[in-house]
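Data block below; observations after.
For this chain, numbers begin at 1 and follow the sequence in order. Values reported hereafter were calculated over all heavy atoms of this structure, with side chains retained and with hydrogens, waters and symmetry mates removed.
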Amino acid sequence: MKEDGRFASAIPKTAPQENSQTSPTPSPFSLHEMIIAMQKQIDSMSQRLSLLSTLQEKCHNLELKCQQLEEALVKTNEEFYEEHQKLYDKTRDTFLRHQCLIHCSKWEFSAPEIDSSYWEARGMSHDEILGAESLLENFPQMAQEMRRGVGEDVEIFLHFDDGSPAFGEMFPHDDTLIPHWEEFADALEKYKVPPRWFEDGYSSLKIINVEMPEEVINLLDAATGWRNLGFETLHFGNNNFGRRGLEWALKLLQGNNSALDEFILSRNSITDEDMDFVEQLCDAVKHHGSLTLLAIGECMTPESSNEENRLNVMRTILERCSGRLKTFDFTGNHVATHGDPFLYDFLRSNPELESLRLRDNYLNDDDAVHVANALRHNTNLQYLALSGNNFTERGIAALETALFDQTSLNSAADSNHRCIIHLGDYDIENDVNGNYIGDATENRKRKIYKILSRQCRDGSNLMHLDEENIVPEIMPNVLGMIASLESLREYQEVQLDGELVEPIALVYEIMRGW
């Protein structure tokens, strides 16, 4: 069989072994030369590996730079898009404003003037007539402002002021006002909150001390609908607008779900028949996108609601809406708890609520004790307004002790260091028994400083430290804290009339007896 030359040539040839004792062929290289050659190969490979490592590092750096460039490009594109969108919105709003100005240049307030003699004939006093004239001037001014949408700050504010103290009296509805309300509603229908190029821009709708019967509410409801008007504050006060007005106000709250920050109802009656409204209000607040303040002031009276419902309304709003709200105001609603500890349970749970205003209710000393005990476990509440309630010295003392228990260093440290309580005649703040606005840690140090200063004057600090089981191992921490109080002393020395001693005196007094 003839062999394929290529296949045969690939097979290694083996020389015939004639004699197994033949001597091996000597290597052409010595061992030393082989070691040198291998070392050169190792060095060469090391250089190549080093070069490879350098190249890998450069590739990694290039990858990082490419990633950074890519991220920068994405960010630039996003910023460009945002700026483009802002410019587009600004151009569009300017165009709409321009169109509105063209339209408004032909607009005139068509409601007829009402002479002061008309109000005199209805028995109004001089001050009431001045208030009526101011209100009538307010209608065309607000209508024009809404049509033009001028200014960064837009405050649509209809109000009546008869010169009386506090809130003032309500201006009663008169049919001659209907054309004025129609102009107001027409302007409100065309209204669009102007864009705010600055973060401190502000817009609000407030109607206070002006009666709003169902006919007026229907006009305004048709104008606003479910539209998001962009207002940050809605305030309806003393309007006698009944259930229909409550429903319209709730509709505005639900529709303005992106910018609205404050919703205020004051002196508009909520009766026993309106408990379903309260449930709907809680649902709206709980699912709202921006609301932080809810005020229901002087809306529930003994004539319109029973005690149980007044308490249940406060309880329901606090329990269901505290996760959404930062401020809740339930002033002047004649609430009595009759020993119900729900305020203790609520505040002790440490909700996110920062401000609670319960002025002018029927809370008593037992409620004050409940609140005081709860505040020891609450680190979020910053302001508590309780003036105008039925507290005696016992209730006030309990509240003071909650903020600063001066029994010992440990009790002072365990006090509430965040909340400021307002009791009418004075605030439990900025005095020896309260908290300053600001850092709770500084408030805590200030109270400990006061107790240490008091004990230093009779040389008893070391004895009290021993009684409170403050072991020697933590004394450096105690002395370090004392040394950090110098700035507090300078700040409080005038207010406390020199009651605080120098920090160095505290250190000396403790070290001398240690």
Side-chain angles (χ1 to χ4, degrees), residues 164-170 208-209 235-238 262-271 278 293-318 321-322 325-344 346-347 353-375 378 381-403 416 418-431 433-435 437:
S164 60
F167 233 132
E169 297 301 321
M170 179 182 64
I208 298 174
N209 291 345
H235 185 175
F236 304 107
N238 198 23
E262 300 177 346
F263 183 76
I264 304 169
L265 284 178
S266 56
R267 297 211 291 178
N268 280 303
S269 183
I270 298 176
T271 69
V278 175
L293 181 148
L294 174 65
I296 309 292
E298 299 182 68
C299 291
M300 304 188 74
T301 65
E303 293 75 26
S304 65
S305 57
N306 63 50
E307 278 192 349
E308 183 179 359
N309 279 337
R310 295 196 293 274
L311 177 60
N312 283 338
V313 168
M314 182 170 74
R315 184 204 315 270
T316 300
I317 294 175
L318 282 175
C321 303
S322 60
L325 297 173
K326 295 298 183 185
T327 299
F328 176 57
D329 190 335
F330 205 64
T331 294
N333 286 298
H334 306 271
V335 172
T337 66
H338 296 293
D340 190 316
F342 97 90
L343 272 177
Y344 168 80
F346 173 75
L347 292 175
L353 196 70
E354 295 177 356
S355 177
L356 179 60
R357 304 167 187 175
L358 302 176
R359 301 182 186 93
D360 300 322
N361 284 292
Y362 296 155
L363 304 181
N364 59 25
D365 287 341
D366 291 336
D367 299 309
V369 171
H370 284 151
V371 169
N373 290 333
L375 286 177
N378 190 298
L381 194 68
Q382 299 178 25
Y383 182 73
L384 179 60
L386 295 173
S387 59
N389 283 283
N390 301 328
F391 300 141
T392 67
E393 291 182 1
R394 181 171 76 92
I396 294 173
L399 293 169
E400 289 179 338
T401 302
L403 300 193
N416 180 290
R418 176 74 67 182
C419 188
I420 292 170
I421 301 178
H422 181 258
L423 290 175
D425 294 335
Y426 66 96
D427 292 353
I428 306 181
E429 70 161 325
N430 295 346
D431 57 24
N433 291 329
N435 294 321
I437 297 174

Please round to the nearest 0.5 Å and tell me the distance separating atom [atom1] of [X] and atom [atom2] of [Y].
| X | Y | atom1 | atom2 | value |
| --- | --- | --- | --- | --- |
| Glu262 | Lys326 | CD | NZ | 14.5 Å |
| Glu308 | Asn306 | CD | CG | 6.0 Å |
| Leu265 | Cys299 | CG | SG | 5.5 Å |
| Leu375 | Thr401 | CG | OG1 | 11.5 Å |
| Leu353 | Gln382 | CG | CD | 10.0 Å |
| Met300 | Leu311 | CE | CG | 10.0 Å |

Compare all side-chain heavy atoms of [X] with those of [Y] and state whether any distance is below 4.5 angstrom.
| X | Y | value |
| --- | --- | --- |
| Asn268 | Glu298 | no |
| Thr316 | Val313 | no |
| Thr327 | Leu294 | no |
| Leu318 | Leu325 | no |
| Leu384 | Ile420 | no |
| Phe236 | Ile208 | no |
| Met314 | Leu358 | yes |
| Phe346 | Ser322 | yes |

Taking side chain to side chain donor-acceptor pair (under 3.5 Å) as the definition, give me every residue that meets it alongside [X], ordered by chain and number, with sequence neighbours left out.
| X | value |
| --- | --- |
| Asp367 | Thr337 |
| Asp329 | Thr331 |
| Asp366 | Arg394 |
| Asn361 | none |

Under 3.5 Å donor-acceptor, [X] side chain and [Y] backbone:
| X | Y | result |
| --- | --- | --- |
| Asn333 | Ile296 | yes |
| Arg310 | Ser305 | yes |
| Asn373 | Val369 | yes |

Return the set of residues passing ring pair (Phe, Tyr, Trp, His ring centres under 6.0 Å) with Phe391 (not counting sequence neighbours), or none when no residue passes.
none
In chain order, what residues pass the ring pair (Phe, Tyr, Trp, His ring centres under 6.0 Å) check against Phe263, with sequence neighbours excluded?
none
Hydrogens and angles aside, do Ser266 and His235 bring a side-chain donor and acceptor to less than 3.5 Å of each other?
yes
State, without any angle test, whether Asn209 and Asn238 hold a side-chain donor-acceptor pair at a distance under 3.5 Å.
yes
Residues in side-chain contact (heavy atoms from CB on, under 4.5 Å) contact with [X], at least two apart in sequence or another chain:
| X | answer |
| --- | --- |
| Glu393 | none |
| Thr271 | Ser269, Glu273, Asp274, Ser304 |
| Ala336 | His338, Tyr362 |

Residue that, paired with Asn389, satisfies side-chain contact (heavy atoms from CB on, under 4.5 Å) out of Leu363, Asp360, Asn364:
Leu363
Between Ile421 and the options Leu386, Asn416, Ile396, the side-chain contact (heavy atoms from CB on, under 4.5 Å) test singles out Leu386
When the ring centroid of Tyr344 is compared with that of Phe342, is the distance short of 6.0 Å?
no
Those residues that, when tested against Arg359, pass salt bridge (Lys or Arg N to Asp or Glu O under 4.0 Å) (two or more places apart)
none
Check against side-chain contact (heavy atoms from CB on, under 4.5 Å), Tyr383 and Leu356:
CA-CA 6 Å; Tyr383 182 73; Leu356 179 60; over 6 Å; no
